[in-house]
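Below is one structure, written out as structure tokens, with a few remarks after it.
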Number of protein chains: 2
Amino acid sequence: METEETSKHATISIVAKKAGVSTTTISRYLNEKYEYMSLKTRRRIEAVIDELNYRPSNIARGLKSKKTNQIGVIVADIENPFSSMMMKGVNDVCNRRNYHMLILNTDNSQKSEEEGVLSLIDHNVDALLINPTGYSSSIYAELKNNDLPVVLIDRQIEHPFFDLVTSNNYDVTYQATAYLIKNNYSRIYFVTENIDSISTRSIRKKAVEDALREKGLDHDQCLMTIDKNNTLDIKEKLMKIKRLHGNEKIALFAVNGQILLVVLQMLHELRLSIPSEIGIYGYDDWGWGELISPGITVIQQDPYGMGIKAAELLIDRLEGKRKGKSEVFELPANLIIRGSTD
Amino acid sequence: METEETSKHATISIVAKKAGVSTTTISRYLNEKYEYMSLKTRRRIEAVIDELNYRPSNIARGLKSKKTNQIGVIVADIENPFSSMMMKGVNDVCNRRNYHMLILNTDNSQKSEEEGVLSLIDHNVDALLINPTGYSSSIYAELKNNDLPVVLIDRQIEHPFFDLVTSNNYDVTYQATAYLIKNNYSRIYFVTENIDSISTRSIRKKAVEDALREKGLDHDQCLMTIDKNNTLDIKEKLMKIKRLHGNEKIALFAVNGQILLVVLQMLHELRLSIPSEIGIYGYDDWGWGELISPGITVIQQDPYGMGIKAAELLIDRLEGKRKGKSEVFELPANLIIRGSTD
DNA sequence: CTCTTTTGTGAAAACGCTATAATATAAAAG
DNA sequence: CTTTTATATTATAGCGTTTTCACAAAAGAG
């Protein structure tokens, strides 16, 4: 029955005093440097720590040791399910390997991205996991000269300085498009938002174009830019295409899950029936693609796996378990063929 | 053209030396205490900081000032779109008010939740925003004695110590159920996962039961527990119900978006047509509920708004802009009636 | 002109740890 | 027995800030 009146938060020196040893010894205990420590001392320290409910301050540790056990995570669009699943992967690895995530959302803004990097550095994160906006930025050149480990996820940057974990975007998009072409679709439109960055977008676009070109199909005019909040323009454009090429099989390719939803919504409103009047396929349906009738043909990525891989890589770099040149890892995405492209 | 050979990271004392003032003065400048500072000194400091590209170390600041400008966020299921949207709201407020989020995912595990709280405290976060698992835990009583501001989001805990931001779960669920009953549904089953916690679940369940009871309908056996990975049992149960009560209008209520998807999938597999053979409604469709035919009747919450509100509240508490007893804020959720409950 | 007040600045201690180097004791070796 | 080696522990000096208190110079008051 101890009196706990003045039980302020315990510090290392309070513990040291109570245990009758120096703070150095406590520190060594905390860092598991048991080499030259008598079992007796060790047990004594254990007991006192337990009794006082002492937990070392990470911030003080960080100041001295230059290690915060925090990794900075910069994500381009936090409310995208793709990002959530990635982050879950990162989180799981962090838990396992005893790190914490300091997360920043950039909303696909280059400025936020640059500020975010600086800000996380100010917070002394041990490493940086970035899902870039895709805009080119000088910050990366600076980062390269820093000794802070950096791993990119999903999107590549202008100059490939760092490890990158992404999907096999080109191959699987090509494969999907080739499937449609084989299925007699002769006009395929690549639907995307009006963003002038985002490397995966251009890779996917190239894959679609290449597939079209290699089969001798029209690929010059295949880009359709969509505004999520105002689909009027694109509706008109689509109806015009239908008029001009009504005798051909037409399909839309949605560059990501959110666009896919918008496009489906639009087709719904236009009362175009899938697939008889128009085909549709795209990236990432997050589970609902199967419930719609007909089911939607999608390319399903593995964001959770990407998060895992990227975080493992990053912490390996950080802990010196991996050295050498940066690499690119492409995780396989899955083409799921359903009725929307019959 | 300065030589930058030894340009290690600038510290406050390097800046001080270069500017010909004391670190105290630099510190005052950094903290915008311009009261008794000559304009000349101020400009001089500005120039040097600029030249050296100096950025103060948050970790050192934190050690001394006990303020890290980090808020700890504990989320029960990071890959749920509901959580992502909440976190986007939190993130936006943090950006605006100059805080960072340290995010932890608990996967609805009580143990992770408790560890997470302790761990975030070790990291000296300034405040805690918690989306609880819903399991009761002694950690909250301890937290209460701490002076760390805490705000809960979505789910209440056993003893309502802290501010809570949530939806008007009871009212809107009751309203939705009443609508179905008015629409002649006489058997409504509450479908949920087998989790023995989660306060919103029980509130929603009570609302469904109350609505049934008050109309004199059967409400004792309305709970259906589902296993996401094995829907066999529940399929059998459902078919049995259909056999027994084939002459009545039957509906399922899905307690959240993920269950809603699973249930829809199941009905799809059972080839039960909606709504002629079975009605369905539930929480949170995240945009796809409209695309399915028929559209799904859903209760749409405002997780983004909840994130905003909770973060504002938390930072207000933290900065002393709000005092007094804890409150509960219920943001209105939206009942969207579509064809699945005709 | 002195005395008080206002204005502007700095010395030094502290925050809670870790790291370096030094010291004390015990055991082994010569 | 000394000397060396192995074992166990500590004193001290930071890490990069903020804070308290003291102090000097300038301005105002009597």
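Both backbone and side-chain heavy atoms feed into the values below; hydrogens, waters and symmetry mates do not. Every value quoted in this text rests on a predicted model; they were computed, and no experiment measured them. Chain identifiers are assigned alphabetically (A, B, ...) following the order of the sequence lines, protein sequences preceding nucleic acid strands; residue numbering begins at 1 within each chain.
Listed candidates were C:dG10, D:dG16, C:dT18. Nearest to the side chain of A:S65 is C:dT18. Closest contact between the side chain of B:T25 and the listed nucleotides D:dT10, C:dT9, D:dT18 involves C:dT9. Ranking D:dT17, C:dT18, C:dG10 by closeness to the B:I12 side chain, first place goes to D:dT17. Which of C:dT7, C:dC15, D:dC15 sits closest to the side chain of A:L63 comes down to D:dC15. Comparing atom distances between the B:K64 side chain and each of D:dA11, C:dT9, D:dT19 picks out D:dT19 as nearest. Among C:dC15, C:dT9, C:dC17, the nucleotide with an atom closest to any side-chain atom of A:S57 is C:dC17. Relative to the side chain of A:K66, the nucleotides D:dG16, C:dT9, D:dT10 differ in distance, and D:dG16 lies closest.
Remark: A:T11 is not in phosphate contact with C:dG16, judged by side-chain N or O atoms under 4.0 Å from OP1 or OP2. The side chain of B:T41 places an N or O atom within less than 4.0 Å of a non-bridging phosphate oxygen (OP1 or OP2) of C:dT9. When the side-chain nitrogen and oxygen atoms of A:N58 are compared with OP1 and OP2 of C:dC17, none of them lie within a distance under 4.0 Å. Phosphate contact (OP1/OP2 of C:dT9, side-chain N/O of B:S38, threshold under 4.0 Å): present. The side chain of A:Y36 contributes an N or O atom lying less than 4.0 Å from OP1 or OP2 of D:dT7. The phosphate of D:dT18 (OP1 or OP2) has no side-chain N or O of B:K33 nearer than 4.0 angstrom.
Using a cut-off of 4.0 Å between Lys/Arg side-chain N and Asp/Glu carboxylate O, B:D77 and A:K88 are scored as not salt-bridged. A:D316 has a carboxylate O that lies under 4.0 Å from a charged side-chain N of A:R97, or vice versa, which qualifies the two as a salt bridge.
Between B:T23 and A:L30, the residue anchored nearer the 5' end of DNA chain C, judged by the nucleotide with its closest heavy atom, is B:T23. Comparing A:L39 and B:I59 by the nucleotide of DNA chain D whose heavy atom lies nearest to each, the residue mapping closer to the 5' end is A:L39.
Contact annotation: side chain of A:T24 to base of C:dA19, donor-acceptor pair present below 3.5 Å.
Taking atom OH of A:Y34 as the reference point, atom P of D:dA8 lies 15 Å away to the nearest angstrom. Rounded to whole Å, the distance from CD1 on B:I14 to C1' on D:dC15 is 13 Å.
Atom CG in B:D163 sits 11.5 Å away from atom CD1 in B:I153 (nearest 0.5 Å). A distance of 4.0 Å separates CD1 in A:I45 from CD1 in A:I26, rounded to the nearest 0.5 Å.
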Report the C-alpha distance between B:E312 and B:R96 in whole Å, list the side-chain angles of each, state the deciding distance to 0.1 Å, and finish with yes or no for salt bridge (Lys or Arg N to Asp or Glu O under 4.0 Å).
CA-CA 10 Å; B:E312 291 284 11; B:R96 201 155 55 231; 3.0 Å; yes

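Heavy atoms of A:Y29 sit nowhere under 4.0 angstrom from any nucleic acid atom.
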